[in-house]
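Structure first, then comments.
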2 protein chains.
Amino acid sequence: MAVIRIDQPDDPRIAGFRDIRERDLTGRQGLFVAEGEVVLNVLMSDRSLCRPVAFLLDRKRVEGLADVLAGAADETPVYVASQSVLDAIAGFHLHRGILALGEKPPVRSLETCLAGTGPDAVVVAACGIGNHDNMGGVFRNAAAFGAGAVLLDAHCCDPFYRKAIRVSVGAVLRTPMATGLDALAMVEGLKAAGFEVLALTPGASEPLDRTPRGGRIAIVLGPEGPGLAPAVIQRCRPVGIPMSGGFDSLNVSVASGIALHHFTRRA
Amino acid sequence: MAVIRIDQPDDPRIAGFRDIRERDLTGRQGLFVAEGEVVLNVLMSDRSLCRPVAFLLDRKRVEGLADVLAGAADETPVYVASQSVLDAIAGFHLHRGILALGEKPPVRSLETCLAGTGPDAVVVAACGIGNHDNMGGVFRNAAAFGAGAVLLDAHCCDPFYRKAIRVSVGAVLRTPMATGLDALAMVEGLKAAGFEVLALTPGASEPLDRTPRGGRIAIVLGPEGPGLAPAVIQRCRPVGIPMSGGFDSLNVSVASGIALHHFTRRA
């Protein structure tokens, strides 16, 4: 483990960790920042699809994380700093004291992504999800219920945004995904790969709990306010989650969890 | 409608709206602040259990909201201000331009609360939920699936916190609740009222999807990290949501949505 002490916030070696919030907004060209022990554990696990590039830790955390960090390549730098230097680097108080810079997985096409899923795969296909909490929640649910992949259209936010990774409890780092897709092409591609493509939409007459399970299933989700575009719904089998009178409103992450539970449960 | 123009942020008449964030933290002694049009609509609906005490609006919003505000008692003041005065009152940029001060419903005992529920009621009983997003999410789901009540133990955060109300899409204002309960007394009280009391816990051997539905059902939820106390679980029927290997982690609001869907669906 290459432990390197950092005493100055402007040290060029930790430039990738500097001004985290500003760079969250502009993106990092193939890299992402992971924060906290839970996400670090996923990044370093066998299931991770991402490679750690560097670590930046509160020096008090190094010893306790030695076993986890030992899984990285020998040359991966482990930068350590005092809490105050850490805060100055990040640009805010980093109370978790743990940061990692990671490399996103290679971009996969829709076809490649689907080719890696089994005959009973359930996948999530999201359109226009712009909220990072919801994005993280959808990935967390996908991992919890063993979804084969998450597909995102071009109107979705970046799942590798720091907060989305954190809310996903690291699931973003281990879930096969295809991103930047055209929504209609995504639906057609799913059909071509033998998926039953279900659009989750409040206006559907078929309730989720009566929708048959088994085989390849794709759950298409839209943004909470405007919902899925009619052109997308028309190409799918619309399915709804019946709700109580006068309150026809579920969070999209909750809706994805209910649908994933339905299609992956055994009873 | 008593429309009163406010030109000075320190006008004593709008003291209840001042320094919102600081007062979010200290509480408001029976009052709460509602924010935005969606929540305002719930506050002013027939289903609301809360009374509006005053409104504070961006003067540009008054005309569009006249119909909604007409539902308030004639003497309820409608304060209007420019965006900059509004921001100075609130202490931050209030981009929605809509605030209401409301009165919480009278405190109900557990027994009174349960007496108002039917023979097939599903209620949510939460222990130690300290996160306002999760609290809001649980209430939103409770409303979406028509739960008869939400019960909170003394270790839960205040559901009338501004952000919890917002995340609940106003459900906090229309859901019968009992708060500040002792967790064990809550379980015993539910049993005494004829509820089947189910503890949602990852360690349970009985899967949710095989748990019989019908009759009075209480879903007991715990905090995400530590989970429910063993003493609570022991007094309940433990039920789990089966998850995929190696990722035994669901957000508590998502878990509540899945359980509520299971117990209220018709198929």
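Throughout, a chain's letter reflects where its sequence line sits, starting with A, and its residues are numbered from 1.
- Within 6.0 Å of CZ on B:R47 lie no more than 12 heavy atoms contributed by other residues, nucleotides or ligands.
- Here the side chains of A:H261 and B:D209 are in contact, with some heavy-atom distance below 4.5 Å.
- In terms of heavy-atom pairs under 4.5 Å with chain A, the best-connected choice from B:G170, B:P207, B:S244, B:A171 is B:S244.
- For A:T211, no part lies under 4.5 angstrom from a heavy atom of chain B.
- Taking 4.5 Å as the heavy-atom cut-off, the residues of residues 140-152 of chain B that approach chain A are B:R140, B:N141, B:A143, B:A144, B:F145, B:G146, ordered by number.
- Atom OG1 in B:T264 sits 10.5 Å away from atom CE in A:M243 (nearest 0.5 Å).
- Interface summary for chain B: among A:D133, A:L260, A:V169, A:L208, the most heavy-atom pairs under 4.5 angstrom belong to A:V169.
- Listed options A:G257, A:P242, A:S249 were ranked by heavy-atom pairs under 4.5 angstrom with chain B; first place goes to A:S249.
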What donor-acceptor contacts under 3.5 angstrom involve side-chain atoms of residues 114-121 of chain A, with partners at least two apart or in another chain?
from	atom 1	to	atom 2	distance (Å)
A:T117	OG1	A:L114	O	2.7
A:T117	OG1	A:R216	NH2	2.9
A:D120	OD1	A:G215	N	2.9

